[in-house]
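Since the structure comes first, as structure tokens, the remarks are kept for the end.
Ligands are counted one by one from 1 in listed order, and the atoms in each one are counted from 1 as well. Just so you know, these numbers use all the heavy atoms, side chains as well, and skip hydrogens, waters and symmetry mates.
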Amino acid sequence: MKPVFVLNGPNLNLLGLREPAIYGDATLKDVESRCRDHARALGLSVDFRQSNHEGDLIGWIHEARDKASAIAINAGAYTHTSVGLHDALKAADIPSVELHLSNVHKREAFRHVSLIAPAVNGVICGFGVDSYVLAITALHCLISAAKKG
Ligand code: CA2
């Protein structure tokens, strides 16, 4: 079974180190452990990555076409700006979920717009680290449904 790619965008490497009031006190390593444990419980594995560079994220989405069963992506600020990520996700041809730690709809107006939402199966936001767990559960449902045909 190919892994689920869990992709993280800019500044998420700072998780747990700054702004705990918005993003909580878990580090990205803690998030990775939660994802690994939850995926294992569902019979899945994860390939967990973070980059501050848009091109890396686009390259990883291209790689996922052949090497992943599905994509969970917290694209960070690129969510609100990146046509490149939109186009890459649209072409990925495997299940994908956009996720956010915070409820972006409760925050500044510029965070209410997602350029990637139209290119993924669904969006989860506002549940802190549990957003990652919920995204993996959603992908498990999509993968299982696709297997049944
Ligand atoms: O809520 C989310 O998961 C976001 O994707 C986080 C992004 C933000 O630009 C999106 O609008 C919503 C920001 C990630 C930056 O994370 C930090 C963590 C600690 C300290 C500073 C930034």
Side-chain angles (χ1 to χ4, degrees), residues 2-42 44-65 67-143:
K2 295 173 185 174
V4 171
F5 277 15
V6 181
L7 304 181
N8 294 280
N11 297 311
L12 284 158
N13 53 311
L14 299 177
L15 218 56
L17 310 176
R18 311 250 162 78
E19 305 212 50
I22 302 176
Y23 298 115
D25 52 17
T27 65
L28 198 61
K29 270 277 160 220
D30 297 331
V31 176
E32 179 173 358
S33 295
R34 282 287 303 280
C35 287
R36 262 184 220 298
D37 290 350
H38 186 64
R40 193 178 311 115
L42 296 175
L44 299 172
S45 63
V46 297
D47 188 331
F48 193 94
R49 306 180 187 187
Q50 187 273 334
S51 176
N52 294 320
H53 304 280
E54 191 174 7
D56 288 343
L57 294 161
I58 291 171
W60 292 340
I61 294 166
H62 294 169
E63 186 185 335
R65 261 183 80 95
K67 296 207 179 133
S69 57
I71 300 168
I73 182 163
N74 182 351
Y78 292 142
T79 305
H80 317 298
T81 62
S82 178
V83 176
L85 281 176
H86 168 107
D87 291 346
L89 285 164
K90 203 136 195 203
D93 228 24
I94 52 174
S96 57
V97 168
E98 169 189 343
L99 75 101
H100 301 283
L101 294 152
S102 63
N103 180 350
V104 285
H105 301 290
K106 266 183 161 175
R107 301 182 63 195
E108 304 95 322
F110 66 84
R111 295 188 206 273
H112 301 176
V113 175
S114 168
L115 297 195
I116 66 173
V120 295
N121 290 85
V123 180
I124 293 166
C125 72
F127 300 99
V129 180
D130 288 336
S131 290
Y132 285 77
V133 169
L134 293 166
I136 290 169
T137 298
L139 291 172
H140 181 253
C141 292
L142 291 167
I143 293 165

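- D87 and K90 are not joined by a salt bridge, as no carboxylate oxygen comes within less than 4.0 angstrom of a charged side-chain nitrogen.
- Proximity of L12 to L101: side-chain heavy atoms (C-beta onward) are separated by under 4.5 Å at one or more points.
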query = Given the rule in the side chain to side chain contact (heavy atoms under 4.5 Å, CB included) test, do L57 and L85 qualify, once you have shown the distances and angles that lead to the verdict?
reply = CA-CA 8 Å; L57 294 161; L85 281 176; 3.8 Å; yes
Any protein N or O within less than 3.5 Å of an N or O in ligand 1? List each pair with its distance, or say none.
from, atom 1, to, atom 2, distance (Å)
ligand 1, 1 (O), L101, N, 3.3
ligand 1, 1 (O), S102, N, 2.9
ligand 1, 1 (O), S102, OG, 2.5
ligand 1, 3 (O), N74, ND2, 2.9
ligand 1, 3 (O), L101, N, 2.7
ligand 1, 5 (O), N74, OD1, 2.8
ligand 1, 5 (O), H100, ND1, 2.8
ligand 1, 9 (O), A77, N, 3.4
ligand 1, 9 (O), R111, NH1, 3.0
ligand 1, 11 (O), H80, NE2, 2.7
ligand 1, 11 (O), R111, NH1, 2.9

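- Taking 4.0 Å as the cut-off between side-chain N and carboxylate O, K2 and D47 do not count as a salt-bridged pair.
- Residues L89 and E98 have side chains not in contact (no heavy-atom distance under 4.5 Å, counting atoms from C-beta outward).
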key: CA sep, side-chain torsions, deciding dist, call: H80, E108, side chain to side chain contact (heavy atoms under 4.5 Å, CB included)   = CA-CA 11 Å; H80 317 298; E108 304 95 322; over 6 Å; no
